[in-house]
Amino acid sequence: MEDQSTQAVLDKNSLTIKNKQEIAKTLKSRLASSRGLFSNRVQVFLALLLIGFACLRMWWLAIMIAAVLLADFLAYVVNRAKMLSRWNAGKPRLTTADDFHAVDDAFRAQNLPTPTMGDYENAIGFSEMPEWRTALRYQELASFYQDGVVADIGCGDGRLCWRYHICPPENYYGVDAAGLVKILSDQTSGRAHAIAGVAESTGLPSESVDLLVCTEVFEHLTDPAHALQEFCRVVKSGGQIVIQSPSARRLRNLNLFHVAVTFLGRWFPSILQRTMVHENTFIGAFTYHWDFTQQDFQRYVQGLPLKIESWHSATYKFNPNGNSLHRLAYCVARLPVVNSVWGDLTVVLRKA
């Protein structure tokens with residue numbers, strides 16, 4: 001983790017809201033940081049050629065294909081290193097609760113709604129795909145509920161309550177920026193508890209929550225370890241904390257060398273080119289975007305009455321209730337070896 005004391009204070013007057021073209025440019029550059037010379041289809045074709053030539057013992061051809069794949073991998077490494085360097089040096093950076101409140105104020109000043117996960121999905125094209133892609137993530141969170149009080153940290157518009165019905169609204173506490181939790185309050189006619197707060201200081205009483213969930217938020221925090229201490233404080237003994245966030249072992253492309261490095265990253269995380277900061281999608285600023293390793297969470301829980309119950313990668317790209325190809329892909333994605341190198345994580349912790 002870097003030293004946040006070196007970060008410049010945010011000039012709230014410098015915040016600019018991006019237009020559609022600027023949003024598209026940001027997303028395109030983010031995607032480019034995960035690519036080398038070739039597309040995934042070409043990488044798979046080259047891998048099949050390599051395997052075929054090796055099986056036929058046509059070693060010179062196999063070596064030539066391996067050299068092409070290595071060149072593609074090295075191009076990816078250099079390309080990603082340049083992008084990560086640019087992001088890490090980016091300013092202004094959102095680091096404090098006041099900074100995120102300033103973002104909320106900037107949107108309200110222009111009579112615009114604060115962006116939610118739905119806005120992000122629309123921006124990257126998810127709106128053109130079936131709703132199940134997003135629903136699976138929230139349904140997984142809802143499946144952990146048994147009884148009692150739920151705290152949703154970084155709840156956005158509170159859709160986990162009013163759309164996915166994780167619990168009765170009276171049992172739901174949504175914590176986020178004021179503009180977002182107002183949507184929660186409106187959608188539930190004030191029955192749900194809408195709290196304007198941040199992950200590091202939720203405002204919830206100690207030992208008051210049976211299940212705490214945090215989806216697509218934990219990675220944006222300046223100090224995730226501090227936030228987890230706050231989560232632990234508000235959760236009852238025996239309660240659960242469920243965090244969905246990016247994995248440092250994300251499979252960014254299908255180059256065989258990248259796949260191998262991603263597997264080895266389980267034991268040698270320093271070889272993973274993981275994101276720490278990236279350019280904000282909607283604001284002309286930079287935000288934290290940690291890619292987490294198992295070692296990170298093991299370090300976070302040290303000294304806390306928490307244990308890691310389970311750790312698995314998401315399978316949101318495939319519909320378990322879809323066609324036969326989707327169902328097959330979903331089953332393959334759940335296999336331990338495949339599941340260890342995927343996209344987003346679901347980390348389940350229990351308070352002793």
Quick one: list whatever passes ring pair (Phe, Tyr, Trp, His ring centres under 6.0 Å) with His289, sequence neighbours left out.
His220, His278
Residue list, ring pair (Phe, Tyr, Trp, His ring centres under 6.0 Å) with Phe297, at least two apart or on another chain:
Phe218, Phe292, Tyr300, Trp311
Inspect the contact between Glu219 and Arg274 and indicate whether a charged nitrogen and a carboxylate oxygen are less than 4.0 angstrom apart.
no
If you measure from the Lys or Arg side-chain nitrogens to the Asp or Glu carboxylate oxygens, is any gap between Arg249 and Asp291 under 4.0 Å?
no
Can you name the nearest heavy-atom pair linking [X] to [Y], along with the distance?
X	Y	answer
Ser33	Tyr76	O-CE1, 3.6 Å
Ala248	Thr293	CB-CG2, 3.5 Å
Val103	Leu15	N-CD1, 3.9 Å
Gly203	Glu230	N-OE2, 4.2 Å
Thr346	Val242	CG2-CG1, 3.9 Å
Ile153	Thr202	CD1-CG2, 3.8 Å

Is there a side chain to side chain contact (heavy atoms under 4.5 Å, CB included) between Leu184 and Tyr172 once you walk through the steps?
CA-CA 10 Å; Leu184 165 64; Tyr172 180 88; 3.7 Å; yes
Where do Arg80 and Met83 land on the side chain to side chain contact (heavy atoms under 4.5 Å, CB included) test, with the steps shown first?
CA-CA 5 Å; Arg80 183 156 181 80; Met83 182 64 74; 5.6 Å; no
Pairs in or reaching into residues 237-246: which pass side-chain hydrogen bond (donor to acceptor under 3.5 Å, both in side chains), with residues at least two apart or in two chains?
Glu140-Gln244, Thr215-Gln244, Gln240-Glu309, Gln244-Tyr316
Main-chain N/O of [Y] paired to [X] side chain as donor or acceptor, under 3.5 Å:
X	Y	answer
Lys351	Cys232	yes
Trp162	Asp157	yes
Asn339	Ser313	yes
His312	Val347	no
Thr287	Asn280	no
Ser29	Thr26	yes
Asp176	Cys155	yes
Arg108	Gly179	no
Asp99	Thr95	yes
Asp210	Gly239	no

Quiz question: by atom type and distance under 3.5 Å, do the side chains of Asn88 and Ser85 form a donor-acceptor pair?
no
Using a distance-only test with no angle check, is there a side-chain donor-acceptor pair under 3.5 angstrom linking Arg350 and Ser310?
no
Flag the pair [X] / [Y] as yes when at least one side-chain heavy-atom distance between them is below 4.5 Å, and no otherwise.
X	Y	answer
Cys161	Asp152	no
Val181	Ile195	no
Leu221	His226	no
Arg159	Tyr138	yes

For atom NZ of Lys182, decide whether the heavy atoms of other residues, nucleotides or ligands shown that lie under 6.0 angstrom number more than 12.
no
Gln146, CD: over 12 other non-hydrogen atoms inside 6.0 angstrom
no
Exactly one of Arg252, Gln273, His258 should register a side-chain contact (heavy atoms from CB on, under 4.5 Å) with Ser34. Which one does?
Arg252
Within residues 257-269 or reaching into it, pairs that qualify as salt bridge (Lys or Arg N to Asp or Glu O under 4.0 Å) - sequence neighbours excluded:
none
Can you pull out every salt bridge (Lys or Arg N to Asp or Glu O under 4.0 Å) where at least one residue sits in residues 23-50? Sequence neighbours excluded, please.
none
Given Tyr173 and Leu204, is the side chain to side chain contact (heavy atoms under 4.5 Å, CB included) satisfied, shown in steps?
CA-CA 9 Å; Tyr173 288 75; Leu204 295 169; 3.8 Å; yes
Just how far is it from atom OG1 of Thr134 to atom CD of Gln139, taken to the nearest 0.5 Å?
10.5 Å
Working to the nearest 0.5 angstrom, can you tell me the gap between Leu70 CG and Ile63 CD1?
12.5 Å
Before giving the answer on side chain to side chain contact (heavy atoms under 4.5 Å, CB included), spell out for Leu69 and Phe73 the whole-Å C-alpha distance, their side-chain angles and the decisive distance to 0.1 Å.
CA-CA 6 Å; Leu69 284 171; Phe73 173 68; over 6 Å; no
Cluster overlap Leu272 with Val277, hydrophobic side-chain contacts below 4.5 Å:
no
Side-chain donor-acceptor contacts of residues 42-60 below 3.5 Å, not counting sequence neighbours, with atom names and distances?
from  : atom 1 : to     : atom 2 : distance (Å)
Gln43 : OE1    : Leu254 : N      : 2.9
Gln43 : OE1    : Asn255 : N      : 3.1
Gln43 : NE2    : Asp72  : OD2    : 2.8

